[in-house]
Amino acid sequence: MAEGEAITREALFQALCEQWQYTEDAIAAVGEHFDKPAHDGWTVGDIFRHLTAISHRESAAVRAMLATGEYEIPGDDANEVEVEKFRSLDYKMLRIELNTAHGVVWMYVQRFSDEDLAQTYKLMGNDWTLGQVLGVVARHEADHVAVALNAAGVPESAVVPVETAHRWT
């Protein structure tokens, strides 16, 4: 939460880029295991579709938070609708889609200064800095990637750098 030292712009960008690259490389690593059951009725691929949907809406969610003072988290029904939007994409195309979505977020967060990142907003009823909110989104992505890798039976060591339109690290 908002207590403690604020994350710097440089540290946030490094953390985001490392997570984004790992997620995109993990999609390639799970590859043909996209249809394996994973969690709460979702497949491995659905987990990555969920992460893609989040990335697509992240800039709008942050803009809304800046306007209202609170970060809104969609419910399970909205998550299902968003996952369905990307259902037709195989792992190769979804990786490209996610790379594009990450790029949109990257372009948006570039405008934030250290001071902007230290501003507080509400998330789940608590005060969080903008930097912390963006960090929570990255940790959420990391948690889902771990679940997907486990469900696919793919060890972390199998996640290796692959060619992408934009390498984040």
Side-chain angles (χ1 to χ4, degrees), residues 1-27 38-87 89 94-151 165-166 168-169:
M1 294 202 279
E3 299 169 7
E5 193 172 319
I7 189 167
T8 65
R9 183 176 188 269
E10 183 178 319
L12 175 66
F13 293 164
Q14 180 177 346
L16 288 175
C17 288
E18 287 173 4
Q19 182 56 55
W20 291 346
Q21 193 59 60
Y22 186 76
T23 301
E24 292 170 23
D25 292 342
I27 291 174
H39 180 70
D40 283 345
W42 277 2
T43 65
V44 169
D46 290 341
I47 290 172
F48 288 108
R49 290 177 186 103
H50 169 64
L51 296 175
T52 301
I54 288 170
S55 291
H56 270 292
R57 70 173 145 76
E58 189 57 28
S59 295
V62 170
R63 276 192 303 276
M65 180 184 75
L66 296 175
T68 67
E70 186 164 356
Y71 188 91
E72 295 290 327
I73 299 175
D76 290 340
D77 290 342
N79 285 333
E80 289 297 331
V81 168
E82 289 179 333
V83 166
E84 192 60 37
K85 288 179 187 177
F86 300 102
R87 179 98 43 223
L89 300 182
L94 193 68
R95 195 167 58 85
I96 294 167
E97 186 72 29
L98 182 56
N99 184 260
T100 300
H102 281 153
V104 171
V105 175
W106 176 253
M107 294 304 294
Y108 183 68
V109 300
Q110 285 294 312
R111 67 184 73 181
F112 297 130
S113 67
D114 286 344
E115 293 78 24
D116 294 330
L117 294 173
Q119 295 297 311
T120 59
Y121 300 90
K122 293 288 183 190
L123 171 64
M124 299 179 289
N126 296 302
D127 288 335
W128 297 72
T129 66
L130 173 57
Q132 289 171 324
V133 170
L134 293 170
V136 165
V137 174
R139 283 190 298 281
H140 176 256
E141 186 167 304
D143 291 345
H144 277 313
V145 170
V147 169
L149 288 171
N150 186 53
H166 180 84
W168 298 107
T169 57

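Along the sequence shown, the residues carry numbers beginning at 1. Worth saying up front: this structure is predicted, and the values here are computed from it rather than measured. Atoms considered below: every heavy atom in the structure, side chains included; atoms not considered: hydrogens, waters and symmetry mates.
Separation of atoms CD1 (Ile96) and OG1 (Thr52) is listed at 11.5 Å; rounding is to 0.5 Å. The CG atom of Leu123 lies 10.5 Å from the OG1 atom of Thr129; values are rounded to the nearest 0.5 Å. In this structure, the separation between CG on Leu130 and CD1 on Ile7 is 10.5 Å, given to the nearest 0.5 Å. In this structure, CG in Asp40 is found 11.0 Å from CG in Asn79, a value given to the nearest 0.5 Å.
Side-chain contact between Val105 and Val62 is absent, with no heavy atoms from C-beta onward closer than 4.5 Å. Between Tyr121 and Leu66 the shortest side-chain heavy-atom distance falls below 4.5 Å.
A search for side chain to side chain donor-acceptor pair (under 3.5 Å) contacts involving Gln119 returns nothing, not counting sequence neighbours. Here His140 pairs with His50, His144 under the ring-ring contact (aromatic ring centres under 6.0 Å, His included) rule; sequence neighbours left out. Residues satisfying the side-chain contact (heavy atoms from CB on, under 4.5 Å) test with Glu72, not counting sequence neighbours, are Glu70. Take Asp116 and apply the side-chain contact (heavy atoms from CB on, under 4.5 Å) test, not counting sequence neighbours, and it matches Phe112, Ser113. Every residue two or more places apart in sequence or in another chain was checked for a ring-ring contact (aromatic ring centres under 6.0 Å, His included) with Tyr71, and none qualifies. Judged as a side chain to side chain donor-acceptor pair (under 3.5 Å), and not counting sequence neighbours, the contacts of Lys122 are Asp127. Checked against side-chain contact (heavy atoms from CB on, under 4.5 Å), Arg63 has the following partners two or more places apart in sequence or in another chain: Ser59, Ala60, Tyr108. Annotation: side chain to side chain donor-acceptor pair (under 3.5 Å) contacts of Thr23 (sequence neighbours excluded): Gln19, Glu141. For Glu10, there are no side chain to side chain donor-acceptor pair (under 3.5 Å) partners, not counting sequence neighbours. Remark: Ala78 pairs with Pro74 by the side-chain contact (heavy atoms from CB on, under 4.5 Å) rule, at least two apart or across chains.
For the pair Glu24 and Arg95, the tightest heavy-atom approach, listed with the atom from each and the gap, is O-CD, 2.9 Å. Across every non-hydrogen atom of Phe13 and Val109, the tightest pair is CZ-O, 3.3 Å. Considering all non-hydrogen atoms of both residues, Leu94 and Gly45 come closest at CD2-O, 4.2 Å. Contact between Phe48 and Ala148 at its shortest, heavy atoms only, is CE1-CB, 3.5 Å. Considering all non-hydrogen atoms of both residues, Ser55 and Leu98 come closest at OG-CD1, 3.6 Å.
Listed by first and then second residue, the salt bridge (charged side-chain N to carboxylate O under 4.0 Å, His left out) pairs that reach into residues 41-60 are Asp46-Arg49, Asp46-Arg87, Arg57-Glu82, sequence neighbours excluded. Screening residues 100-110 for salt bridge (charged side-chain N to carboxylate O under 4.0 Å, His left out) gives no qualifying pairs among residues at least two apart or on separate chains.
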- Message: Apply side-chain contact (heavy atoms from CB on, under 4.5 Å) to residues Asp143 and Val147 and explain how you reach the verdict.
- Response: CA-CA 6 Å; Asp143 291 345; Val147 169; 5.8 Å; no
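Using modelled atom types, no side-chain atom of Arg9 and backbone atom of Glu115 make a donor-acceptor pair closer than 3.5 Å.
Among Leu134, Val136, Thr120, the single residue meeting the side-chain contact (heavy atoms from CB on, under 4.5 Å) criterion with Trp128 is Val136.
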